[in-house]
Amino acid sequence: MNTRYDVAIIGCGEAGIFAGYELMRLQPGLRVVTLDQGADIYGRSCPIVAGKVKECIHCKVCDTMCGFGGAGAFSDGKYNFTTAFGGWLTDFMDAKEVMDLIDYVDSINMKHGATDQVFSTDTPAARALEKKALEHDLHLLQARCKHLGTENNLNILKSIYETLKEFVEFRFHTAVAAIENLGGEGYRLTTDKGDTVECTYLIAGPGRSGAEWFANQCKGLGIELINNQVDIGVRVELPAKVFEHITDVVYESKLVYRTKQYGDPVRTFCMNPYGHVVAENVEGINTVNGHSYADPALQSENTNFALLVSNRFTSPFNEPYRYGKHIASLSNMLAGGVLVQRFGDLVNGIRTNDHRLGKSFTRPTLTAAVPGDLSLALPKRQLDDIIEMIYALDKLAPGTANYDTLLYGAEVKFYSSRLALSGELETALPNFFAIGDGAGVTRGLAQAGASGVKVARVISGRLS
Ligand SMILES: Cc1cc2nc3c(=O)[nH]c(=O)nc-3n(C[C@H](O)[C@H](O)[C@H](O)COP(=O)(O)OP(=O)(O)OC[C@H]3O[C@@H](n4cnc5c(N)ncnc54)[C@H](O)[C@@H]3O)c2cc1C
């Protein structure tokens with residue numbers, strides 16, 4: 001079957017959703033199709049979360065990462081109003097435009113039920129925290145932040161889906177296998193089912209789960225790829241009380257520290273007060289992540305956050321993605337999935353086993369994690385950086401370096417190879433746009449959504 005559309009969107013994560021949403025608002029007469037390898041928002045169910053299996057069984061398409069809502073569907077929706085992190089859109093447009101787009105995406109979310117409560121780093125308490133952090137060489141990044149909450153985030157997506165499906169033709173369980181340039185006549189997508197879709201405008205938003213596939217397609221189409229980074233680290237879990245004086249004030253603190261030993265920047269990322277640690281599957285590799293519910297009844301006693309070390313490579317190596325995958329697969333090989341170790345065991349060179357974990361005062365929220373030894377999985381440099389950062393954080397939040405602080409590994413943030421894009425997020429091929437995490441231009445909900453709105457407006461402008 002071959003069908004022709006005005007616009008085809010690959011992927012309905014945050015970026016693809018907001019591209020579709022803005023096209024619906026600006027050009028309601030267009031024929032738009034979105035193809036996603038995952039399920040719609042109602043049909044996504046991870047077998048671990050459903051209690052059917054204890055460990056990741058590496059489903060061909062991961063329901064946690066793929067489908068309507070993309071990687072963010074089961075996240076707790078921390079929506080950051082900033083250009084300081086969460087993406088690199090300011091490399092393509094000015095900061096004011098990015099902030100306007102981020103505010104605009106938030107306004108759509110609010111129409112679909114998002115909270116109006118905002119945490120700010122611009123309050124007297126937050127400024128006092130910033131000063132205290134500075135005393136210990138920790139740098140608190142400025143950002144307003146909304147916490148939508150895991151359950152609310154899902155409801156917002158369901159509401160957006162119900163609106164959008166009246167306008168966009170969705171093809172779920174449909175992976176795009178190949179992109180073909182029709183040389184001035186648009187683009188042809190061939191799906192894994194053998195169907196083809198032709199379009200005048202193509203928007204690719206394949207996210208992290210489709211990044212490797214997309215990079216290969218771009219290479220084949222002659223589109224230049226620029227090396228990007230990979231962030232490697234662990235997820236830290238500790239009693240929520242240890243960070244309460246911080247999370248009560250700013251909810252999610254982005255703290256950056258430069259290690260004395262190597263001069264590497266290490267940062268906290270994705271902080272989840274009273275949250276849960278979860279495993280995620282990125283192209284068959286188990287990595288770790290976290291989320292937290294807004295409803296107190298669903299919360300845990302722990303806070304979790306990632307500690308990440310950024311790695312950029314220079315010639316001759318230019319595949320940070322593969323490097324990250326290899327490191328994550330080492331901890332998978334040792335533990336059969338996510339590995340967990342007590343901080344005290346790590347610094348004493350002892351493997352955490354079931355018996356030792358059983359003695360821990362901090363109870364792991366990811367019970368499927370297997371106790372082990374992170375020093376056998378993570379490179380020395382990244383591990384030293386992480387240990388030094390934990391001692392630095394201990395000065396701001398005493399208790400961070402406690403023996404029973406849990407470290408899960410590996411947490412790897414893959415940033416897709418960055419495409420060479422114009423200021424309108426267009427590739428070197430006309431009317432072919434790339435957005436979101438899979439294009440290597442964003443790494444968070446706010447900027448991913450913003451990138452989708454941006455290209456929808458560009459396309460609408462060309463049609464008007
Ligand atoms: C557990 C978790 C928690 C997170 N929490 C937060 C948070 O609190 N705040 C925040 O800002 N960010 C968070 N993030 C990051 C955020 O989810 C991503 O930045 C965002 O989802 C990126 O949107 P995207 O549309 O670019 O990609 P994705 O959301 O990854 O969507 C890409 C979509 O493309 C589809 N796809 C890929 N390849 C193909 C193909 N070949 N054919 C068809 N379909 C394809 C996939 O199935 C997927 O549905 C979290 C991520 C995870 C995994």
Side-chain angles (χ1 to χ4, degrees), residues 8-20 33-41 44 46 61-82 85-87 102 105 143 145-150 153 157 170-179 189-193 197 203-217 235 251-252 269-272 275-283 287-292 304-306 411 413-416 434-452:
I9 304 173
I10 304 173
C12 53
E14 186 83 353
I17 288 173
F18 278 93
V33 65
T34 298
L35 305 103
D36 199 294
Q37 58 192 350
D40 70 18
I41 191 67
R44 295 179 59 173
C46 166
V61 175
C62 171
D63 264 335
T64 304
M65 299 293 286
C66 303
F68 192 89
F74 302 109
S75 86
D76 60 345
K78 283 180 291 297
Y79 191 87
N80 292 304
F81 299 78
T82 181
F85 51 85
I102 288 173
V105 171
C145 171
K146 267 190 183 181
H147 178 233
L148 304 179
T150 311
N153 185 44
L157 284 169
F170 284 109
R171 295 200 193 173
F172 292 109
H173 302 293
T174 306
V176 177
I179 304 173
L189 308 177
T190 305
T191 74
D192 56 348
K193 296 171 179 149
V197 161
I203 303 176
R208 276 189 282 146
S209 56
E212 206 170 1
W213 165 80
F214 187 52
N216 285 331
Q217 291 298 309
R235 186 146 289 255
Y251 191 79
E252 174 176 39
F269 180 80
C270 184
M271 193 165 280
N272 297 294
H276 292 82
V277 178
V278 290
E280 69 178 19
N281 176 346
V282 182
E283 292 180 5
T287 61
V288 66
N289 216 314
H291 71 106
S292 81
N304 68 71
F305 56 88
E411 177 136 350
K413 296 289 174 220
F414 300 101
Y415 306 115
S416 335
I435 54 175
D437 290 16
V441 295
T442 71
R443 57 178 180 189
L445 295 169
Q447 291 203 38
S451 69

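All values reported here derive from a predicted model rather than from experimental measurement. Just follow the structure's listing: the first ligand is 1, and inside any ligand the first atom is 1.
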Discussion item. Out of all atoms in ligand 1, which are within 4.0 Å of some heavy atom of Ala175? Include the element for each.
Written reply: 42 (N), 43 (C)
Discussion item. Regarding atom 42 (N) of ligand 1: of the candidates Thr191, Asp63, Val176, which has the closest heavy atom?
Written reply: Val176
Worksheet item: For ligand 1, which atoms sit closer than 4.0 Å to a heavy atom of Ala448?
Response: 22 (C), 23 (O)
Item to complete: Decide whether an N or O pair under 3.5 Å exists between Asp437 and ligand 1.
Response: yes
Worksheet entry | ligand 1 to Gly67 polar contact by distance, N or O atoms, under 3.5 Å | yes
Worksheet item: N/O to N/O below 3.5 Å, does that happen between Gly438 and ligand 1?
Response: no
Discussion item. Can you confirm, on distance only, whether ligand 1 has an N/O atom lying under 3.5 Å from any N/O atom belonging to Ser209?
Written reply: no
Practice prompt. Tell me which protein heavy atom sits closest to atom 31 (O) of ligand 1, plus the residue, atom name and distance to 0.1 Å.
Written response: Gly13 CA, 3.3 Å
Practice prompt. Using a 4.0 Å heavy-atom cut-off, say whether Thr174 meets ligand 1 through its side chain, its backbone, both or neither.
Written response: backbone
Response to the item:
ligand 1 atoms nearer than 4.0 angstrom to some heavy atom of Trp213 are 41 (N)
Practice prompt. Would you tell me which option among Leu445, Leu189, Thr287 has the nearest heavy-atom contact to atom 16 (C) of ligand 1?
Written response: Leu445
Worksheet item: Less than 4.5 Å apart, any side-chain heavy atom of Arg44 and any of Phe74?
Response: yes
Worksheet item: Counting heavy atoms only, which part of Leu35 comes closer than 4.0 Å to ligand 1: side chain, backbone, both or neither?
Response: backbone
Worksheet entry | atom 4 (C) of ligand 1: nearest protein contact (heavy atom, Å) | Ser75 CB, 3.3 Å
Discussion item. Test your reading of the structure: does Cys270 have an N or O sitting under 3.5 Å from an N or O of ligand 1?
Written reply: no
Discussion item. Please determine whether side chain to side chain donor-acceptor pair (under 3.5 Å) holds for the pair Glu280 and Thr287, giving the CA-CA distance in whole Å, both sets of side-chain angles, and the decisive distance to 0.1 Å.
Written reply: CA-CA 5 Å; Glu280 69 178 19; Thr287 61; 3.3 Å; yes
Practice prompt. Kindly identify the option in Gln447, Gln37, Glu14 whose heavy atom sits closest to atom 43 (C) of ligand 1.
Written response: Gln37
Practice prompt. Taking Asn304 for its side chain and Gly290 for its backbone only, find out whether a donor-acceptor pair lies under 3.5 Å.
Written response: no
Worksheet entry | ligand 1 versus Cys66: contacting region, heavy-atom distance under 4.0 Å | both
Item to complete: Distance to 0.1 Å, residue and atom name: give those for the protein heavy atom nearest to atom 37 (C) of ligand 1.
Response: Pro206 O, 3.0 Å
Worksheet item: Among protein heavy atoms, which lies nearest atom 48 (C) of ligand 1, and at what distance?
Response: Asp36 OD2, 3.5 Å
Item to complete: Take Phe170 and Phe68 through the ring-ring contact (aromatic ring centres under 6.0 Å, His included) test and state the conclusion after the steps.
Response: CA-CA 9 Å; Phe170 284 109; Phe68 192 89; 5.6 Å; yes
Item to complete: Around atom 28 (P) of ligand 1, find the nearest protein heavy atom and jot down its residue, atom name and distance.
Response: Ala71 N, 3.6 Å
Item to complete: Pick, from His291, Lys78, Lys413, the option with the minimum heavy-atom distance to atom 8 (O) of ligand 1.
Response: Lys78
Discussion item. Using a plain distance cutoff, I'd like to know if Gly72 has any nitrogen or oxygen under 3.5 Å from a nitrogen or oxygen of ligand 1.
Written reply: yes
Worksheet item: What are the atoms of ligand 1, with element, lying closer than 4.0 Å to any heavy atom of Gly210?
Response: 37 (C), 38 (N)
Worksheet item: Can you find an N/O atom of Gly436 closer than 3.5 Å to an N/O atom of ligand 1?
Response: no
Discussion item. So, taking the atom named CZ in Phe18 and the one named CG in Leu445, what distance separates them when rounded to the nearest 0.5 Å?
Written reply: 9.0 Å
Practice prompt. Pull out every atom of ligand 1 sitting under 4.0 Å from any heavy atom of Gly205, numbered as shown with elements.
Written response: 32 (C), 33 (C), 34 (O)
Fill in: Taking every non-hydrogen atom, the tightest pair across Gly275 and Ser292
CA-CB, 3.4 Å
Discussion item. Checking a contact table here: which protein heavy atom is nearest atom 30 (O) of ligand 1, and how many Å away?
Written reply: Gly207 CA, 3.4 Å
Worksheet item: Among Glu252, Arg171, Glu280, Gln217, which one has a heavy atom closest to atom 53 (C) of ligand 1?
Response: Glu280
